[in-house]
Amino acid sequence: MQNRCVFCRIVQGIEPARILYRDEEVIAFRDINPQAPFHALVIPTQHIASLNDIEVAQDRVLGKLFLVAKQIAHGAGYTESGYRVAMNCGRDAGQTVFHIHLHVLAGRFLTWPPG
Ligand code: 5GP
Ligand code: ZN
């Protein structure tokens, strides 16, 4: 846990967030600046700065991020219409919060490739 990290503060309940899912290893919450009608973030409760920092020992929780992404997208009703799951890594990808997170976007047609 890092107090300087806004997502660690959300994990600790210090920073408010609209939580959609929570267990010991993973939480999901609404993005504060949604880019689609549905925009959630799925994060490990453990602080991992970026995809550059993941380790083999974290493979189970990393896989769980995708299971939770699927679960919240299904729960919000986007199973058939579809949704996008994305993770930015580093400056050129536009990563702004250095605690890994999957974006889950849905509710409108999402163009490809992203900008
Ligand atoms: P990145 O650009 O790092 O891939 O995505 C960071 C995301 O975190 C952005 O979509 C941004 O809107 C969201 N975000 C940043 N600070 C907060 C916050 O305090 N609360 C919530 N819920 N989302 C945040
Ligand atoms: Zn963190």
Side-chain angles (χ1 to χ4, degrees):
M1 285 309 165
Q2 301 199 352
N3 273 333
R4 287 168 294 131
C5 170
V6 64
F7 288 177
C8 281
R9 293 201 302 272
I10 288 173
V11 169
Q12 293 168 89
I14 300 166
E15 188 83 26
R18 294 167 66 193
I19 305 287
L20 298 170
Y21 175 90
R22 174 190 284 280
D23 68 25
E24 286 289 302
E25 297 172 315
V26 175
I27 69 168
F29 52 89
R30 297 264 183 182
D31 196 291
I32 204 168
N33 182 24
Q35 301 301 310
F38 182 81
H39 187 176
L41 303 172
V42 185
I43 73 169
T45 55
Q46 180 195 352
H47 182 87
I48 304 169
S50 87
L51 207 58
N52 286 333
D53 302 295
I54 63 169
E55 295 171 4
V56 171
Q58 295 160 335
D59 62 351
R60 213 182 61 83
V61 70
L62 293 168
K64 193 170 182 180
L65 297 179
F66 286 92
L67 292 168
V68 172
K70 179 184 91 166
Q71 184 175 321
I72 62 172
H74 285 211
Y78 297 109
T79 308
E80 299 305 327
S81 56
Y83 50 96
R84 179 169 294 161
V85 178
M87 182 181 288
N88 299 321
C89 179
R91 184 195 58 211
D92 279 0
Q95 185 178 3
T96 58
V97 176
F98 282 78
H99 180 135
I100 60 167
H101 48 279
L102 288 179
H103 293 262
V104 184
L105 296 137
R108 66 171 172 85
F109 185 82
L110 300 160
T111 57
W112 189 265

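Whatever order the structure lists ligands and atoms in, that order sets their numbers, starting from 1. Counting begins at 1 with the first residue of the sequence.
Applying the 4.0 Å criterion to heavy atoms of N33 picks out, from ligand 1, the atoms 12 (O). Near G94, meaning under 4.0 Å from one of its heavy atoms, ligand 1 places the atoms 1 (P), 2 (O). Per-residue contacts place F7 under 4.0 angstrom from the following atoms of ligand 1 (heavy atoms of the residue considered): 8 (O), 24 (C). For ligand 1, the atoms lying closer than 4.0 Å to a non-hydrogen atom of V6 are 19 (O).
For the pair R84 and W112, the minimum side-chain heavy-atom distance is below 4.5 Å. At least one side-chain heavy atom of K70 sits under 4.5 Å from a side-chain heavy atom of H74. Two residues are said to be in side-chain contact when any heavy atoms from C-beta on lie closer than 4.5 Å; D23 and K64 meet this criterion. Counting heavy atoms from C-beta outward, L51 and M87 have side chains that approach closer than 4.5 Å.
Excluding waters, the count of protein N/O/S atoms less than 2.8 Å from the Zn ion (ligand 2) comes to 4.
With hydrogens and angles disregarded, no donor-acceptor distance shorter than 3.5 Å links the side chain of E80 to the backbone of G82. In this structure a side-chain-to-backbone donor-acceptor pair under 3.5 Å is present from T45 to E24. R9 places a side-chain N or O within donor-acceptor distance of the main-chain N or O of N3, the cut-off being under 3.5 Å. With E15 contributing its side chain and I10 its backbone, the two residues share no donor-acceptor pair below 3.5 Å. Checked by atom type and distance alone, the side chain of Q12 pairs as donor or acceptor with a backbone atom of C8 at under 3.5 Å. No donor-acceptor pair under 3.5 Å is formed between the side chain of R30 and the backbone N or O of L41.
For atom 15 (C) of ligand 1, the nearest protein heavy atom (residue, atom name, distance) is V97 CG2, 3.9 Å. Remark: minimum distance from atom 22 (N) of ligand 1 to any protein heavy atom is reached at R30 O, 2.9 Å. Looking at atom 24 (C) of ligand 1, its nearest protein heavy atom turns out to be I32 CG2, 3.5 Å. What sits closest to atom 3 (O) of ligand 1 on the protein, heavy atoms only, is T96 N, 2.7 Å. With hydrogens left out, the protein atom closest to atom 1 (P) of ligand 1 is H101 NE2, 3.1 Å, a heavy atom.
Taking any N or O of H103, backbone or side chain, at least one lies under 3.5 Å from an N or O belonging to ligand 1.
Comparing D31, I19, I10 by heavy-atom distance to atom 13 (C) of ligand 1, the nearest is D31.
The shortest heavy-atom contact between L65 and V42 is O-CG1, 3.6 Å.
The aromatic rings of H99 and H47 stand perpendicular to each other, their planes meeting at an angle above 60°, with 30° marking the opposite boundary. Aromatic ring orientation, H39 versus H103: tilted (interplanar angle from 30° to 60°).
Within the 4.0 Å heavy-atom criterion, the part of N88 lying near ligand 1 is the side chain and not the backbone. Residue-level proximity to ligand 1 for M87 is absent, since no heavy atom of it falls below 4.0 angstrom. Residue contacts with ligand 1, taken as heavy atom pairs separated by less than 4.0 Å, do not involve F98 at all.
By the 4.0 Å heavy-atom criterion, R18 is excluded from the residues contacting ligand 1.
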